[in-house]
Asks: 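After the structure tokens below, expect a handful of questions from me.
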Amino acid sequence: LTLARDFVNLPPNAKSPKQYRAMIEALPWKNTSIQSYDDKALRDMGCGLITAVAAGGSDGAQAIILKSKDSQQIDQVFVGKWVIFDAGGLQLKPDTGMLDMKCDMSGSAAVIATLWYLDSMNISHNFAWVVGIVDNLTGPNAFKPLDIYIAKNGVSVEIHHTDAEGRLVLADMMCLAIDELAPKKILTVATLTWACVVALGSRYSGVMWSDEQTIDALVHPCPSFVLERYWRLTYEEYYREKTKATIADIKNVKSGVKTW
């Protein structure tokens with residue numbers, strides 16, 4: 001918990017994508033292997049979404065896979081996004097909306113801190129962690145509305161809002177997890193959208209899952225000592241139809257939606 005908070009509380013200029021990757025690599029891991037990817041490696045692998053988001057910053061995209069050295073079969077992968085600072089891209093957030101954006105990487109911090117705890121306590125497991133690291137800024141190469149990029153799995157995505165970037169990072173990182181680790185299950189942890197707070201407030205975290213048994217186990221038996229509560233959000237074909245695009249496979253947000 002302390003490690004996660006330390007990462008979140010660092011100012012953005014002290015945890016750039018390259019700096020954060022170096023911080024993770026420098027932790028005194030005992031039984032954890034680390035595979036790192038820089039922007040060029042991700043581009044060469046076909047990760048067109050995460051590299052598009054990162055194009056407005058100076059560090060490019062970074063990614064890390066962490067897993068136990070003893071793991072033969074990965075049961076579950078935790079996927080997190082580390083958006084160092086989310087200015088909204090070319091579709092800028094309002095000034096008040098930027099004042100807590102150094103916290104936009106808290107999902108990734110939680111993912112890394114969980115693994116760090118297991119590693120430091122010598123707890124054996126068959127989990128892996130995949131983290132995508134970017135800035136979402138307004139540099140000369142920043143991605144634009146109506147741009148089209150290709151995800152690692154070949155799906156084309158038309159950009160309809162540059163402040164709906166977290167889902168793009170997670171999409172490529174989930175593809176990376178599938179291709180490199182072949183897990184049985186994938187769990188994403190992210191501060192993904194303000195719309196979740198609008199729907200549920202700050203008391204509950206929204207949960208969506210394609211597996212009924214797993215989501216029931218997560219949501220219902222929430223013990224009193226757990227500080228964070230979960231509430232199930234809808235997950236059905238109706239919403240998939242809303243994201244279909246005309247000249248790409250999908251768009252990253254329903255047209256006309258304000259993301260903040």
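Keep in mind that this is a model prediction, so the values were computed, not measured.
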Asks: If you define the side chain from C-beta out and look only at heavy atoms, does anything of Val134 sit under 4.5 Å from Pro17?
Replies: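 In short, these two side chains do not touch, never coming nearer than 4.5 Å.
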Asks: Does Lys184 pair with Asp75 as a salt bridge, N-O distance under 4.0 Å?
Replies: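 Judged by the 4.0 Å cut-off on N to carboxylate O distance, Lys184 and Asp75 do form a salt bridge.
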Asks: Just by modelled atom types, is the Ala61 backbone N or O under 3.5 Å from a matching donor or acceptor in the Asp39 side chain?
Replies: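 Yes.
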Asks: Take atom NZ in Lys67; do more than 12 heavy atoms of anything else shown fall under 6.0 Å from it?
Replies: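 No, because the 6.0 Å sphere around NZ of Lys67 holds 12 heavy atoms or fewer from other groups.
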Asks: With rounding to the nearest 0.5 angstrom, report the CG to NZ distance, Leu42 to Lys152.
Replies: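 One gets 9.5 Å once the value is rounded to the nearest 0.5 Å.
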Asks: Report the distance from atom NZ of Lys30 to atom NZ of Lys69, rounding to the nearest 0.5 Å.
Replies: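 Nearest 0.5 Å value for the NZ-NZ distance: 12.0 Å.
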Asks: Is there a donor-acceptor contact under 3.5 Å linking the side chains of Tyr117 and Asp119?
Replies: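 Judged by distance alone, the side chains do not pair up.
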Asks: Any side-chain heavy-atom pair from Val253 and Thr243 closer than 4.5 angstrom?
Replies: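 Not touching, per the 4.5 Å side-chain cut-off.
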Asks: Indicate, with yes or no, if Tyr239 and Leu168 share a hydrophobic cluster defined by side-chain heavy-atom contacts under 4.5 Å among Ile, Leu, Val, Met, Phe, Trp and Tyr.
Replies: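 No; tracing contacts between hydrophobic side chains, which count when under 4.5 Å, never links both residues.
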Asks: With a 4.5 Å heavy-atom cut-off, do Met173 and Ile50 have their side chains touching?
Replies: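 Side-chain contact under 4.5 Å: yes.
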Asks: What's the verdict on side chain to side chain contact (heavy atoms under 4.5 Å, CB included) for Met45 and Asp172, showing C-alpha distance, side-chain angles and the deciding distance?
Replies: CA-CA 10 Å; Met45 296 171 67; Asp172 263 346; over 6 Å; no
Asks: How far apart are the closest heavy atoms of Gly60 and Ala54, and which atoms are they?
Replies: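 For Gly60 versus Ala54, the nearest heavy atoms are C-CB, 3.5 Å.
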Asks: For the pair Leu146 and Glu158, evaluate side chain to side chain contact (heavy atoms under 4.5 Å, CB included) and give the outcome as yes or no after the intermediate values.
Replies: CA-CA 6 Å; Leu146 302 183; Glu158 185 175 12; 3.5 Å; yes
Asks: Side chain to side chain contact (heavy atoms under 4.5 Å, CB included), that's the test. Do Ile250 and Val155 meet it? Break it down for me.
Replies: CA-CA 8 Å; Ile250 58 175; Val155 174; 4.1 Å; yes
Asks: Do Ile65 and Ile178 sit in the same hydrophobic cluster, where Ile, Leu, Val, Met, Phe, Trp and Tyr count as joined when their side-chain heavy atoms come under 4.5 Å apart?
Replies: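 Ile65 and Ile178: one cluster.
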Asks: Could you tell me if the side chain of Leu233 sits less than 4.5 Å from the side chain of Tyr204, heavy atoms only?
Replies: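 Result no, sub-4.5 Å side-chain heavy-atom pair not found.
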Asks: Indicate the atoms forming the closest heavy-atom contact of Ala113 with Ala4, along with that distance.
Replies: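 Ala113 and Ala4 have their closest heavy atoms at CB-CB, 3.7 Å.
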Asks: Can you establish whether the number of heavy atoms outside Gln72 located under 6.0 Å from its atom CD is more than 12?
Replies: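 Atom CD in Gln72 is not crowded, with 12 or fewer foreign heavy atoms closer than 6.0 Å.
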Asks: Decide whether Leu99 and Val197 are clustered together by the hydrophobic rule: side chain heavy atoms of Ile, Leu, Val, Met, Phe, Trp, Tyr closer than 4.5 Å, transitively.
Replies: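 As far as the 4.5 Å side-chain criterion goes, Val197 and Leu99 are not connected within one cluster.
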Asks: My understanding is that only residues two or more places apart in sequence, or in another chain, count here; which of them pass salt bridge (charged side-chain N to carboxylate O under 4.0 Å, His left out) with Asp44?
Replies: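 Asp44: salt bridge (charged side-chain N to carboxylate O under 4.0 Å, His left out) contacts with Lys40.
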Asks: Please list, one pair per line, the donor and acceptor atoms closer than 3.5 Å that link side chains of residues 78-92 to other protein atoms, with sequence neighbours excluded.
Replies:
{"from": "Lys81", "atom 1": "NZ", "to": "Asp104", "atom 2": "O", "distance (Å)": "3.3"}
{"from": "Lys81", "atom 1": "NZ", "to": "Thr191", "atom 2": "O", "distance (Å)": "3.2"}
{"from": "Asp86", "atom 1": "OD1", "to": "Gly88", "atom 2": "N", "distance (Å)": "2.9"}
{"from": "Asp86", "atom 1": "OD1", "to": "Asn136", "atom 2": "ND2", "distance (Å)": "2.9"}
{"from": "Gln91", "atom 1": "OE1", "to": "Thr162", "atom 2": "N", "distance (Å)": "2.6"}

Asks: If you look at every heavy atom in Gly206 and Cys196, which pair is closest and at what distance?
Replies: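 Minimum heavy-atom contact is N-SG, 3.5 Å.
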Asks: Examine Phe143 and Ile148 and state if one hydrophobic cluster contains both, with Ile, Leu, Val, Met, Phe, Trp and Tyr joined whenever side-chain heavy atoms are less than 4.5 Å apart.
Replies: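 No; tracing contacts between hydrophobic side chains, which count when under 4.5 Å, never links both residues.
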Asks: Quick one, Arg5 with Leu3, criterion side chain to side chain contact (heavy atoms under 4.5 Å, CB included). Give me CA distance, side-chain angles, the key distance, then yes/no.
Replies: CA-CA 5 Å; Arg5 287 175 173 172; Leu3 178 64; over 6 Å; no
Asks: Please check if the side chain of Asp147 supplies one atom and the backbone of Lys144 the other of a donor-acceptor pair under 3.5 Å.
Replies: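 Indeed, once roles are kept as given, a pair shorter than 3.5 Å links the two residues.
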Asks: Do you know which two heavy atoms are closest between Gly56 and Leu137, and how far apart they sit?
Replies: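 Residues Gly56 and Leu137, closest heavy atoms: O-CB, 3.8 Å.
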Asks: Hey, what do you get for CD (Gln76) to CD1 (Ile186), rounding to the nearest 0.5 Å?
Replies: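 Gln76 CD to Ile186 CD1: 9.5 Å, rounded to 0.5 Å.
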Asks: Please give me the minimum heavy-atom distance between Val130 and Ala177, naming the atom from each residue.
Replies: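 So the minimum-distance heavy-atom pair works out to CG2-CB, 3.9 Å.
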Asks: With rounding to the nearest 0.5 Å, note down the distance linking OG in Ser124 to CG in Asn122.
Replies: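 Between Ser124 OG and Asn122 CG, I get 9.5 Å after rounding to 0.5 Å.
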Asks: Measuring from atom NZ of Lys242 to atom NZ of Lys251, what distance do you get when rounded to the nearest 0.5 angstrom?
Replies: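 So the NZ of Lys242 and the NZ of Lys251 are separated by 9.0 Å.
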Asks: Starting from Ile112, can I reach Met23 by hopping between I/L/V/M/F/W/Y residues whose side chains sit under 4.5 Å apart?
Replies: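 Yes, Met23 and Ile112 fall within the same hydrophobic cluster.
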Asks: Between the side chain of Arg43 and the main-chain N/O of Gly48, is any donor-acceptor distance below 3.5 Å?
Replies: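 No: the side chain of Arg43 does not pair with the backbone of Gly48.
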Asks: Specify the closest pair of heavy atoms between Ser205 and Leu200, including all atoms of both residues, with the distance to one decimal.
Replies: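 Heavy atoms of Ser205 and Leu200 come nearest at C-CD1, 4.0 Å.
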Asks: Please round to the nearest 0.5 Å and tell me the distance separating atom NZ of Lys244 and atom CG of Asp249.
Replies: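 One finds 10.0 Å between NZ of Lys244 and CG of Asp249.
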Asks: Kindly indicate whether the side chain of Lys102, heavy atoms from C-beta on, has any atom under 4.5 Å from the side chain of Leu10.
Replies: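 The answer is no; the side chains never approach within 4.5 Å.
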Asks: Name all pairs fulfilling the side-chain hydrogen bond (donor to acceptor under 3.5 Å, both in side chains) condition that reach into residues 20-29, sequence neighbours left out, sorted by first residue then second.
Replies: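 Applying side-chain hydrogen bond (donor to acceptor under 3.5 Å, both in side chains) to every pair that reaches into residues 20-29, excluding sequence neighbours, yields Tyr20-Ser108, Arg21-Glu25, Arg21-Gln62, Glu25-Ser36.
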Asks: Do Asn252 side-chain atoms and His161 backbone N/O form a donor-acceptor pair below 3.5 Å?
Replies: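 Confirmed, Asn252 side chain pairs with His161 backbone.
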